[in-house]
*Asks:* 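One structure, pasted below without further comment.
Per chain, numbering begins at 1; letters A, B, ... match sequence-line order.
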There are 2 protein chains.
Amino acid sequence: MQTRSEETRTHLLEAALRRFASVGYNAASVDDICAAAGVSKGAFYHHFPSKQALFLALLNAWLETIDSGFQAVRQETVPETLRAFTGLLPAIFAAADGHLPMFLEFWLQASRDETVWQATIAPYQRYQQYFTTLIQQGQTEGSLRPELDAPAAAKTIVGLAIGLLLQRLLTDDANWEKTAHASMEILLHGLMQNDSSGEKP
Amino acid sequence: MQTRSEETRTHLLEAALRRFASVGYNAASVDDICAAAGVSKGAFYHHFPSKQALFLALLNAWLETIDSGFQAVRQETVPETLRAFTGLLPAIFAAADGHLPMFLEFWLQASRDETVWQATIAPYQRYQQYFTTLIQQGQTEGSLRPELDAPAAAKTIVGLAIGLLLQRLLTDDANWEKTAHASMEILLHGLMQNDSSGEKP
DNA sequence: AAAAAGATACCGACTGGTCGGTATCTTTTA
DNA sequence: TAAAAGATACCGACCAGTCGGTATCTTTTT
């Protein structure tokens with residue numbers, strides 16, 4: 001059971017998530033968030049030193065869910081792992097559906113705010129490192145083309161993932177998931193050693 | 001020669017671009033922009049009905065430069081055209097360097113404002129259509145794999161372009177251009193009919 | 001061609017309202 | 001009953017947009 005204090009904190013976080021997602025960081029005022037949480041402004045500033053601090057708390061929670069997803073997808077071969085990763089994307093972001101604009105908001109804040117930038121750039125580099133290692137592993141096991149520049153290929157994967165997510169933001173594409181899979185298949189075809197192997201059954 | 005009125009308008013546009021780029025759309029106040037332009041607030045509202053209208057003027061100017069770039073890259077074969085397109089990317093966005101966060105911010109706002117949405121979504125769909133046609137053309141000429149889903153492949157290309165640009169936003173990667181080329185080569189490898197053909201000399 | 005009349009461009013003080021944050025007081029918890 | 005948590009009133013800064021009025025350029029009239 002949560003104490004009343006913990007409940008208030010949770011209510012504030014959830015309300016902030018909702019408000020940020022629907023109207024954006026700037027437009028969602030502290031009063032706004034407090035009203036949505038059914039809590040006073042005094043309570044807000046008791047739990048968080050600033051609006052930005054609450055924002056960062058949300059950001060970290062978000063990043064942790066992504067990280068934990070990464071742990072779960074390891075498969076037998078690297079191409080299979082990459083396919084599993086694609087299958088993961090909709091799951092991660094369907095759960096946070098409607099929060100996608102916030103993803104952009106984070107990014108934007110990061111590009112202009114030193115504090116947020118630190119919190120954003122670190123996990124980003126971690127993801128990039130993750131895929132670089134994965135690709136090198138695929139080259140070792142012989143499933144991926146050996147002449148690939150592993151860091152560049154990693155950036156390609158991460159870039160494609162981000163780009164697809166943004167497109168989903170812009171167009172309410174019903175079968176976005178299908179597009180994501182098709183894209184990853186094209187990319188895999190470009191990464192893999194020989195074209196006949198590793199195809200879907 | 002510009003009339004005084006035209007000069008004022010130009011000054012406002014240039015100053016707004018500078019202010020939006022450095023502090024963002026919301027943070028750049030109208031007073032701010034007027035000060036940077038060396039012009040009064042009255043002049044501002046004489047030339048533009050609102051702050052948003054001025055932004056749309058900037059957005060359209062930028063989109064036109066992209067569109068004109070698209071016209072210039074047509075090559076002999078489709079893979080060559082795609083490579084030329086990649087070579088174009090740095091040029092387009094070096095021109096708009098530092099302005100990217102501002103467009104991102106506006107994009108975000110676009111997703112919540114019906115009027116702005118129209119001005120933003122239209123060019124995006126135009127680009128997607130452009131690449132869909134290009135890919136179908138490549139399938140006809142035999143350079144691209146016939147089993148490709150052309151619209152999905154187009155989304156992949158556009159998505160990758162957007163994703164790479166956003167990555168560039170976060171990391172001030174010195175040889176981003178090289179990465180972009182490597183990415184496109186991987187993608188091309190996944191799109192093309194046979195792997196031996198169409199390689200760079 | 002000079003004066004009058006009108007249109008366009010521009011100025012800057014002002015308004016009505018919002019916002020993040022603080023100070024102070026009250027209630028709950030342990 | 002002391003400390004933690006929450007409520008309320010309030011502050012100073014800021015901001016998009018307005019408005020009455022002035023300067024400058026263009027057209028018409030004489």
Side-chain angles (χ1 to χ4, degrees), chain A residues 1-59 102 105-106 108-109 112-116, chain B residues 1-59 102 105-106 108-110 112-116 119:
Chain A
M1 218 309 229
Q2 278 186 320
T3 67
R4 190 158 96 100
S5 174
E6 281 165 346
E7 257 178 13
T8 303
R9 197 191 143 90
T10 306
H11 284 157
L12 277 170
L13 284 170
E14 284 171 354
L17 190 63
R18 265 180 284 134
R19 298 307 295 150
F20 284 154
S22 65
V23 300
Y25 179 81
N26 282 302
S29 70
V30 175
D31 286 317
D32 211 10
I33 294 166
C34 290
V39 140
S40 76
K41 209 167 177 175
F44 182 104
Y45 280 98
H46 179 76
H47 285 281
F48 302 96
S50 68
K51 187 185 177 183
Q52 181 179 277
L54 185 152
F55 178 82
L56 284 175
L58 284 176
L59 176 63
M102 228 182 76
E105 195 100 41
F106 284 149
L108 200 55
Q109 291 278 325
R112 263 193 287 265
D113 184 298
E114 183 60 25
T115 317
V116 185
Chain B
M1 221 309 232
Q2 278 187 322
T3 67
R4 187 156 97 99
S5 175
E6 280 164 347
E7 258 178 14
T8 303
R9 198 190 142 91
T10 306
H11 284 156
L12 277 170
L13 284 169
E14 285 170 353
L17 192 62
R18 266 180 282 135
R19 298 306 295 149
F20 284 153
S22 65
V23 300
Y25 179 79
N26 282 301
S29 72
V30 174
D31 285 316
D32 212 9
I33 294 166
C34 291
V39 141
S40 75
K41 207 166 185 175
F44 182 103
Y45 282 98
H46 176 76
H47 285 281
F48 303 96
S50 67
K51 185 184 175 183
Q52 181 177 279
L54 185 153
F55 187 92
L56 283 177
L58 285 176
L59 179 65
M102 142 187 159
E105 185 171 8
F106 204 76
L108 202 55
Q109 189 173 318
R112 284 189 275 262
D113 182 292
E114 186 57 29
T115 318
V116 188

*Asks:* Rounded to the nearest 0.5 Å, how far apart are NE2 of A:His47 and OG1 of A:Thr8?
*Replies:* 5.0 Å

*Asks:* Under the side-chain contact (heavy atoms from CB on, under 4.5 Å) rule, collect the residues that match up with A:Ser40, sequence neighbours excluded.
*Replies:* A:Ala43

*Asks:* What's the CG-P distance between A:Asp32 and C:dG21, to the nearest Å?
*Replies:*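 Answer to the nearest Å: 15 Å.
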
*Asks:* Return the residues of residues 34-47 of chain B meeting this criterion: a heavy atom under 4.0 Å from some atom of DNA chain D. Order them by number, or give none.
*Replies:*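 Only B:Lys41, B:Tyr45 qualify.
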
*Asks:* A:Asn26 has an atom CG; how far is it from atom P of D:dC14, in whole Å?
*Replies:* 16 Å

*Asks:* Can you tell me how far P of D:dG6 sits from NE2 of A:His11, to the nearest Å?
*Replies:*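 Going from A:His11 (NE2) to D:dG6 (P), I get 11 Å.
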
*Asks:* Please write out the pairs of protein N or O atoms and N or O atoms of nucleotides 22-27 of chain D separated by less than 3.5 Å, giving the distance to one decimal.
*Replies:*
none

*Asks:* At less than 4.0 Å, is any side-chain N or O atom of A:Thr8 found next to OP1 or OP2 of D:dG6? Yes or no.
*Replies:* yes

*Asks:* Would you mind pulling out the nucleotide paired to D:dC19, Watson-Crick or G-U wobble, both distances under 3.5 Å?
*Replies:* C:dG12

*Asks:* With sequence neighbours excluded, what pairs up with B:Ser50 under the side-chain contact (heavy atoms from CB on, under 4.5 Å) test?
*Replies:*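 Expected list: B:Gln52, B:Ala53.
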
*Asks:* What integer distance in Å separates B:Lys51:NZ from D:dC14:C1'?
*Replies:*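 The answer, rounded to whole Å, is 12 Å.
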
*Asks:* From CG of B:Asp31 over to C1' of C:dT15, roughly how many Å is that when rounded to an integer?
*Replies:* 13 Å

*Asks:* Taking salt bridge (Lys or Arg N to Asp or Glu O under 4.0 Å) as the definition, give me every residue that meets it alongside A:Arg19, ordered by chain and number, with sequence neighbours left out.
*Replies:* A:Asp32

*Asks:* Tell me the interatomic distance from A:Ile33, atom CD1, to C:dG21, atom P, rounded to whole angstroms.
*Replies:*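 Distance, rounded to whole Å: 11 Å.
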
*Asks:* For A:Ser29, which residues count as a side chain to side chain donor-acceptor pair (under 3.5 Å) partner, sequence neighbours excluded?
*Replies:* none

*Asks:* Mind checking side-chain contact (heavy atoms from CB on, under 4.5 Å) for A:Ala15 and listing every partner two or more places apart, or none if nothing turns up?
*Replies:* A:Arg18, A:Ile33, A:Ala36, A:Ala37

*Asks:* Minimum heavy-atom separation for A:Leu17 to A:Leu58, with atom names?
*Replies:* N-CD1, 3.9 Å

*Asks:* Rounding to an integer number of Å, can you tell me how far A:Glu7 CD sits from C:dT29 C1'?
*Replies:* 14 Å

*Asks:* Applying side-chain contact (heavy atoms from CB on, under 4.5 Å), can you list everything that pairs with B:Lys41, at least two apart in sequence or on another chain?
*Replies:*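 Listed in chain order: B:Val30, B:Asp31, B:Cys34, B:Tyr45.
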
*Asks:* In whole angstrom, what separates B:Leu12's CG from C:dA9's P?
*Replies:*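 Whole-Å distance recorded here is 13 Å.
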
*Asks:* Does NZ or CZ of B:Lys51 lie under 6.0 Å from the centre of the six-membered ring of B:Phe20, at an angle within 45° of the ring axis?
*Replies:*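 No, a cation-pi geometry is absent between B:Lys51 and B:Phe20.
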
